[in-house]
Every structure is written in structure tokens, then in C-alpha cells.
Undergrad: 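What follows is a single structure, and I will ask about it in a moment.
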Amino acid sequence: MEYNFGELEPRWQKYWREHGTYHVPNQSDREHFYVLDMFPYPSGAGLHVGHPLGYIASDIYARYKRLRGFNVLHPMGYDAYGLPAEQYAIQTGQHPAVTTERNIARYREQLDKLGFSFDWSREVRTCDPAYYKWTQWTFIKLFNSYYCNQARQARPIDELVGLFGRQGTEGLDLACTEPLSFTADEWNGWDERQRQQVLMNYRLAYLADTYVNWCAELGTVLANDEVVNGLSVRGGHPVERKLMRQWSLRITAYAQRLVDGLDQVDWTDSLKEIQRNWIGRSEGAAVWFPLAMPVNDNVLPGAQACMTQADPQPVPSFEIFTTRPDTIFGVTFMVLCPEHELIDKITTPGQRAEVEAYVAWAKNRSERERQAEVKKVSGVFSGAYAVNPLTEERIPIWISDYVLAGYGTGAIMAVPAHDSRDFAFARHFGLPIRQVVAAEPDAVSDPASWTESLDSKSGYSVNSGFVSGMKVKDAMRAVIDRIESLGIGHRTVNYRLRDAIFSRQRYWGEPFPIYYKDGMPCALPEECLPLELPEVGDFKPTATGEPPLGHASRWAWDEANRRVVDCSLVDNATVFPLELSTMPGFAGSSGYYLRYMDPGNSDEYFSRQAVDYWRQVDLYVGGAEHGTGHLIYARFWNKFLFDLGLCVCEEPFRKLVNQGMIQGRSSFVYRSKSDTGLFISKGLVADMDAVTPIHVDINMVDNDVLDVERFRQWRPEFADARFELEDGRYVCGWEVEKMSKSMFNVQNPDDLVARYGADTLRLYEMFLGPVEQAKPWDTKGIEGVHRFLRKFWKLYDNAIQAGRLDAEPSKAELKTLHQTIKKITDDIERFSFNTAVSTFMICTNQLTETGCASRQVLRPLAVLIAPFAPHMAEELWHDMGGEGTVCDAEWPSFDASLLVEDTVKYPVQFNGKMRFTIDLPADCDQAAALQAVTASADGQRWLGDKEPRKVIFVPKKIINIVL
RNA sequence: GCUCUGGUGGUGGAAUGGUAGACACGAGGGACUUAAAAUCCCUUGCCCGCAAGGGCGUGUGGGUUCAAGUCCCACCCGGAGUACCA
């Protein structure tokens, strides 16, 4: 019988579907294992061959684990909210729900053809009210929580209300937007509105005026990870900084735990590093610098009084953050960011005009301009001076946009000798530079001759008062100790991570379960969720610039009757407007892995029983491009739910594998510039400047040879194309680019499944190279893999024809089988699927040679290949008389005794003595092995009858038999 | 700039410190066939040689080791992340 994949693959897919083969129970005596893929955003373009790469890898692992006796949770769903569907809606008027539904159907059809073992009964969609009910529910929980730094835990906000009533802020260490300090009496004296405003400073989901990334083109605010180089990730539109009132999540409260948690998970070092850099923890000191001159207005916002040695009178001062407290003796000026609130108060009349002009200029500069002109130094002198608290020197205060408002305190002490940016600034404005660190204690030179600052932390302090001569690390400690003992500063840690802006001025997202009562936000009662997304007539912003939900006629909350009502009723005493923004894309994807555990539960996010059983994702497969987005947010989300006592593991994803992106391999033809009807074959192009490379559809190219007839038919302007051929063929050039329609290099998996079958495609995607590695797609090798499957099939077909299935296998055949079992098991365990495919090829070639017909060999082999080529495995399993489906078979174990290597290897001669190295399997008895080796043919050849004088054993091998 | 990765034939890629290039593609040659497809066999890192054989080879230069693609140091070149983060 021929290998008829076109018939058998759909047949088995149907069988699995009808028999619920991949349905996973939440209760089992078997051990649990959770294999998860990053769920896709269903785009209109459908899947290309790059998308399933990770799904195939995880499917192989999930099927393998199942064969090893685990109860494997392997679900799939859709990240269905998102910008493209909405942009499409704006252009065409089609409701995003309609296009999303259509795209999902297409995705499902494509996925089904590949033979995945997903439990589709657990499917989730982020745009489904039954799902986003829990996204909204978590938001309310965040809104009603604060973070206690002492307990390192989120707590209910009601508890904080009680604490404020008893002790004010005294003794509390809270994550907040800005540090506040008040007494219980003050708190108790405030009215409800004032209290709510104060509480907003502590909520984990909070509303605040913040500088946000505003993208005018998309009409929405974006999170930091959605902006790259001042352009939006989606669409590449310019983004500017804008002060807006927005919802944010206080993810910074979890910064330290997000860093610490990385030590508990099995991720690649590079991804952990990406997250560590993004969180950007840095240790240093906060130091108060008093102002040196009297200030007209004594009420300085944010500034506090402090005592200095020189002046016992309280003086206004401001706080800076530094990671190099040891360089404080080298401070020659201070710099404030243009947004700093102190600027207005300290600027001297003579400098006022200049300062105001600079601040105005800096504020109007777009983020993109600012980033593009990093090298350009700009700034202005405020006219004011500060006092260095350790040296009592008067130092000028400057204003410059190289100091950022969002990091530290927006103010720095500048040490031009030891910071490259301060150095550039000092050089530009002719400010003094003073060396306070040197590589050796006496290696002091005149900074005037320097071309760059000495930023290294290895070296010694010089010219630095009481720390002179100390190593930099010791000097840091000594200076902080002194600062703390003087009460003018303290040790502190700063993070680069910012709170996540959580509102989007868009339609196609989760509505906030929030209404505004007298301008103050209130959460809907949990029992009223989900708050469903309303219909709107128009997906664009309203005429008054409100988000699209402003078009909804029925979008007000009747507090008394607990329901959504018509906006016209807002004047009624208990009816209030609902929030008009929606949640960002990462909202729905932050907890979806938990929902898979118990997707049908309408009373809870997920049941206690479900989470106790599944606990966390054991293996997560997806792209590293989510390193600073989804993978941070999901960890935060999970930690928060852990604090609430809902999750049982603090980290959501125990092991994470990043699949490499599959790039496109574009093909080019070369058109002569002098004769635009002439196309020159690649090998004949003498001068690349004389030709224009043109992308051609890879479907017209086979093995780099162009189908010239199809090319002529492709486009009218090529109908009369003439070709300069080499060896009668037109050879195309190629280049690796992103896989995209515009490059004509998109490979559709459906075409390949139709031509070669799903099993071939699965095997080929794995064969291409390591899963983690980025690689260009190239279809030309698929023939080889397909040939292998046919050969594998024929092995069984021949065996059945021969009718000797019950024959005893030869020793060589058994050895081949057991080598294969061992190698395949190892390969899967270390996620090396490309070498696993090779192993199958070698095994097949060997068995074809011996003409193996034994069921004893062929049946376990069908189980081994089941994770890779499940359709074929099912068919062959049945042909070999297997029971049930191959999915429920048992993973074969190998017999190590069949694998003992009995050869002597690597004779080497040195120091006049002959030595040998002998490779051994990991778990064999070395003494016995030595005997076997000396008795073997090879041993006799090398060793003869000589007694070894000395044998050195190392693990896994005998090394150096000395004669 | 900083951080992380990687550098092996014409190509994709193998190689627990132990015979580098497994496996596959491509290419060349051959068998079967009227022919094609399919299938099968041989060759295929580079150089010298008719051959036997010899020499050179994992980005470059050093080092550790009986033994280095693999470990250590320095450098060169790609890819990714981040970017005035004090």
C-alpha cells in the first residue's frame, strides 16, 4: 500500500475529534504537566509557515509527556482584541467582532490540518464576555488593593483605610505615586472626596496625570514596550510625550519580586537578562542638596527642610539620586530636568527669560527628536546655587533635558570627570571638571587634557576628603554611611521600570468596570460583571476627541438598579457615566493560562481544585519578542493573584523556550538598467550596479530557478520579458528578509500540507534547525523529509507483505531499536528535535538494509515517532496490531546492555608510553567494561596480552590505559 | 555605548573535552526505463597526487590539556535587546 497521507490524515483527525482523544480531565491519578503556546492574534492574513513552528515543538513535547504517562494540559485560544481589526473596521465599517470571528475560523481550519493535540474544549478568546469578565474582575481587585513594602505583598485597600484612620502614614512603607505624609488626625478630618484622592495614590490600579506616549495617528496612548525609537510598534507612527489622565497599573511595586523571581524559573539567560535590563534595578543613594541662596517663596513644593553642618537653620533643599556616592567630592554642578517643579522657584530674575525659553523648547520637542539628538548638548543655567553637603561648596544649578523626569528624582549631582554625559555637558558649557577617582592612587592627571570621562568603578578615590585612597567600592559605602549619619540622605534602590499605562482610547478592547461619581472613579460591584462592550455607530474618536465609546448611546451606570442604562439618564441621582477608554492588548493575555485550567467556570476565575492540580505552566513556548511586554505583565498579574491567595505558584511559567523567528527567503530577478525588458540570470550579472533587483514570488521559483513562463504571466509589464540564461535556466538571487506579503516570500502551510501532508510539514519544520534559532524558510529540503516518511512507511508495508511480523528480530535490529529509543528520548528531553528527526532517518536506513519485519521492533518505533508524525503513527500502530490509539501507548524503554560499546579508541603515545581511551555508556560497571574491552577484538588488537600497568577512570569512560 | 547571542563545506545544520562535517538539501556520475516520474547505487571540506598516500582545515591571535569547534584571555565580524536610567 502506498503512503496516502491525503486520505489517512483527515481520517485520523476526524477520529480524534469524534472520540475526544485530546480531551483532558482536571482530575487524574496521573501526574500533571502543562504545556502552553503563546496564543495567536488572529490576523486577516492567516497563518504562514513561521507561526506553527512553536506549536509543533510544543505539540511534540506534549505528546511525548502523555506517552510517558502524564496527564497533559495542552490548550489553545485566541488573543482576539487588538488594533488591526479595529483599523480595518474604521476603513470598512465592518464590525471588529465580525472580522475577528472570521479570522478565528480561518486559523482554526489551518491549525486543525496540522494534527495538533490541543484540547479545544478549553478554548478561550479574550473578547468573549465569559472570559473578559475575569480580566475586569482582576482589574477591580487591583483597584481595591495597595502594596505593602514591608510585607512585600498586595493587601485590600480597606485595610489601608483603617491604618490611616489609626496612625496616618506613620510607620507605613507603601508603594505609591508620590510620597505623602499625614497624621491620623489629618486623615480623619478629610471628607470622603479628599480621602479618595489620597487613596488613589496607593491603589494598584490607579488614575493619575502622567506623561504618556501619545500616538496621534492611532488616536491612543501606548505602553513603553509598544514604542520603539519614538515610533509605535504597530504602524510605525510618531509618538509624543503628553500629560494625560490615565489608568495605570502599579507594576513598579513588584519590581524587586520580578527581579528575584527570575532566579526561580528555567528560562534562557538571554531572556532573563532582557527582563533584568528592562526592570533596571540600580543601587545607590538619595542625597539632599540644600539651596545656597534665599528663595523668595519659602513654600517649596516637594522640598523639605534639612540640617547641614554649616548652617543649623532649616534651609530648602532638593533630592538627587546617584549610583556613585563616592564621587560626591567631584560634583561641580547640579542638573534638573526641564519638568522639575523647583525650576520656577529658584530661577533668578536675570536668568528667567532664558530658562523659560529653554523649558518651553524642551517641552515642545517630540520624543523622537529628543532621542535622535542624544549627542547634541543643550541646557541653561538657572542662576541658583546649591551647597555640596560634604564639602560645603557652592555649586551652580543647571537645567537640561539629558536629565529625565521619570527616573530617580529628576535631578542629579553632576560629576563630569566620571560620567560621560556630565563630561560632555561640562565641556560644552565650559564648566569645571575635577578628578576624584583614579586607576591607581597616584595616577592623577589634569582633566583638561582628557578626551573622555573615567567612568570605571575599578580604581581608587582621590581628592576626596575622608575617603581619599580608598577603593571605589569602599568609598561608596563610607560616603553613604556618612550621609546617613548626617541625616542628609540614605541608601536606596531605583528601577527603570515604569508603571504600565492601562487605558487605550480605542473601541476593540475590554471595557473598564468603572463609572464616575462626581468625577471620582468607582468600581462596579463584582456581581455585575461582565460589563459588556457596547455597540457604537462609529469606531473613530468623537467630535469632542473622546474615545469611540463616546459614541455609545447606552453607556451609563445606574448605581441603584445595578445595570447599564442610556446616557441620557445621567442627570438622575443614581446614574453615572462609564469609563470611555478600554484596556490594552496585554490585559487579556496576562492571565489566560490560568483560565485554561478551568475555562467553563462562571463563578470563579478558576477553581481552587483546578489550580491546586495544575499549579503553573510547566513549559511555555513562544517568541522572545514578548520579553518586555506580555512576559512581564503576566508575571506581575500572576504575582498579584498569588498575593490574593488565588494562585499557588508565584511564577506562572516554570520553563520557557523561545522559538526562533522564521524569516523569509526572498527571491530576486535582475533587470538591466539600460534595457528594462531584459532580465539577466544571477551568474551572468557582472556589475550589480547595472541591474535592478526585483522581488519575485517564491512560488514561481524552484531551487532558485525561475519559471520564466509564469513570470511572464505574473504581471502585464513582464509579459514581453526577455531573459539572458545560464545553462538554459534563469537563476534567481536570494536574500533573507522578514516574511511578508510585500516581499512575495510568504509560504502558506496549507499548500505544503496538500502537497506533502501534515506529518511531513511537522517533521520538516523541526528538521530545519534548533527550535530556538532564527532561520530562513526554505522549502527545498522538504523533499528529503517526505522521502524519509515514505521510506519509513515502506518499512512497515514490506514487513506486512512479507508476513513475518512475529519473527524474532536480529541482534543488530534490536541494537538499532534501542539506540534509537535512547537517542530520541534524549533529544526530546533537551528539545533537540532536529537531531531527533535525523535519528529516525538513520534508524530507518539501517532497518531497511536488514529488511526488518519484526513487530517487536516496528511497534515501539511507531510509538517513538508518534509525537512527530501522529497521523502516520496511528495508522502504523493499528497495522502492527496496537490497541486503542497510539496516544495511549507506553513510551518504550531501552535495554542498556544492548548498547555497551566494546571498542577501544584513540590510542595515543606520549612520554614514551602507549595510552588508550575507551568510551562507555553512562551507567555501566567500569571494571566489567574494562574486562570486556581487553577481551574484545579491538582490545586484543591494541593491547594484545599485555597487562595494563595503570588504568585511570573518569566518569562515563575509562581513560588512559597505560602499558 | 552597555547587555545577551552566534561565527563549522555550495546550503540547512551534527558533534557529554576524545576519529570534525552526522543527517538532509544541492551538485556530479551511474543503474532501471522507449521516455519521464518514482526508486536505487557511487562521489562530493580544501590543496597536491594517475594512484597509494600526504598536507591544510571549525572567524583571528595566544593559552590550558595526552587531546580543544567545545574550556580560559584578547581581538575581528554578524544577529538580538536596550538606549541620555545618573
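These numbers were taken from a predicted model, which means no experiment stands behind them. Here is the naming used below: chain letters follow the sequence lines, and residue numbers restart at 1 for every chain.
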Undergrad: Just name whichever nucleotide pairs with B/G6, Watson-Crick or G-U, keeping both distances under 3.5 Å, else none.
TA: B/C77
Undergrad: Considering only the P atoms, how many Å lie between B/G26 and B/C77, rounded to the nearest integer?
TA: 36 Å
Undergrad: Write down the partner of B/C40 under the Watson-Crick or G-U wobble criteria, each distance required to be under 3.5 Å.
TA: B/G30
Undergrad: For nucleotides 8-15 of chain B, read 5' to 3', which letter fits each nucleotide if B means a protein heavy atom sits under 4.0 Å from the base, S means only the sugar-phosphate is that close, and - means neither?
TA: ----BSSS
Undergrad: Is there a Watson-Crick or G-U wobble partner for B/U82 with both distances under 3.5 Å, and if so, which one is it?
TA: B/G1
Undergrad: Please determine if a side-chain N or O atom of A/Asn798 lies less than 4.0 Å away from the OP1 or OP2 oxygen of B/U39.
TA: no
Undergrad: Find the distance A/Leu631:CG to B/G81:C1' and express it as a whole number of Å.
TA: 14 Å
Undergrad: Could you tell me how far B/U44 sits from B/U11 if I compare only their C1' atoms? Round to whole Å.
TA: 13 Å
Undergrad: When rounded to the nearest Å, what value does the distance between P atoms of B/A22 and B/G12 take?
TA: 15 Å
Undergrad: On a whole-Å scale, what distance lies between the P atoms belonging to B/U5 and B/C71?
TA: 12 Å
Undergrad: Please confirm whether the shortest side-chain N or O distance from A/Arg496 to OP1 or OP2 of B/A86 is below 4.0 Å.
TA: no
Undergrad: So do A/Ile60 and A/Arg762 actually touch side chain to side chain, heavy atoms under 4.5 Å?
TA: yes
Undergrad: May I have the distance from A/Met841 (atom CE) to B/C23 (atom P), rounded to whole angstrom?
TA: 11 Å
Undergrad: Using the C1' atom in both, what is the distance from B/C47 to B/C41, to the nearest Å?
TA: 29 Å
Undergrad: Atom CZ of A/Arg281 and atom P of B/U82: how far apart are they, to the nearest Å?
TA: 22 Å
Undergrad: How long is the line joining CD of A/Glu849 and P of B/C41, in whole Å?
TA: 8 Å
Undergrad: My understanding is that a pair needs two contacts under 3.5 Å, Watson-Crick or G-U wobble. By that rule, which nucleotide pairs with B/G21?
TA: none
Undergrad: Report yes if some heavy atom in the side chain of A/Met766 is under 4.5 Å from a heavy atom in the side chain of A/Asn834; otherwise report no.
TA: no
Undergrad: Quantified in whole Å, what is the C1' atom distance between nucleotide B/U58 and nucleotide B/G17?
TA: 15 Å
Undergrad: Are any side-chain N or O atoms of A/Asp401 and backbone N or O atoms of A/Pro338, one a donor and one an acceptor, separated by less than 3.5 Å?
TA: no
Undergrad: Scan every strand shown for a Watson-Crick or G-U wobble partner of B/A14, both distances under 3.5 Å, and answer none if you come up empty.
TA: none
Undergrad: Tell me: CG of A/Asp797 to P of B/U39, nearest whole Å?
TA: 15 Å
Undergrad: For atom P, what is the distance between B/U33 and B/G28, given to the nearest Å?
TA: 23 Å
Undergrad: Go ahead and name the base partner of B/C56; Watson-Crick or wobble counts if both distances stay under 3.5 Å, otherwise write none.
TA: B/G45
Undergrad: When you check the glycosidic angle of B/G9, does it come out syn, meaning within 90° of 0, or anti?
TA: syn
Undergrad: For B/C71, which nucleotide in any strand shown is its Watson-Crick or wobble partner with both distances under 3.5 Å?
TA: B/G63
Undergrad: Separation of A/Phe788 atom CZ from B/A24 atom P, in whole Å?
TA: 10 Å
Undergrad: On a whole-Å scale, what distance lies between the P atoms belonging to B/U60 and B/G10?
TA: 14 Å
Undergrad: Check the distance between B/U5's P and A/Gln659's CD and give it to me in whole angstrom.
TA: 19 Å
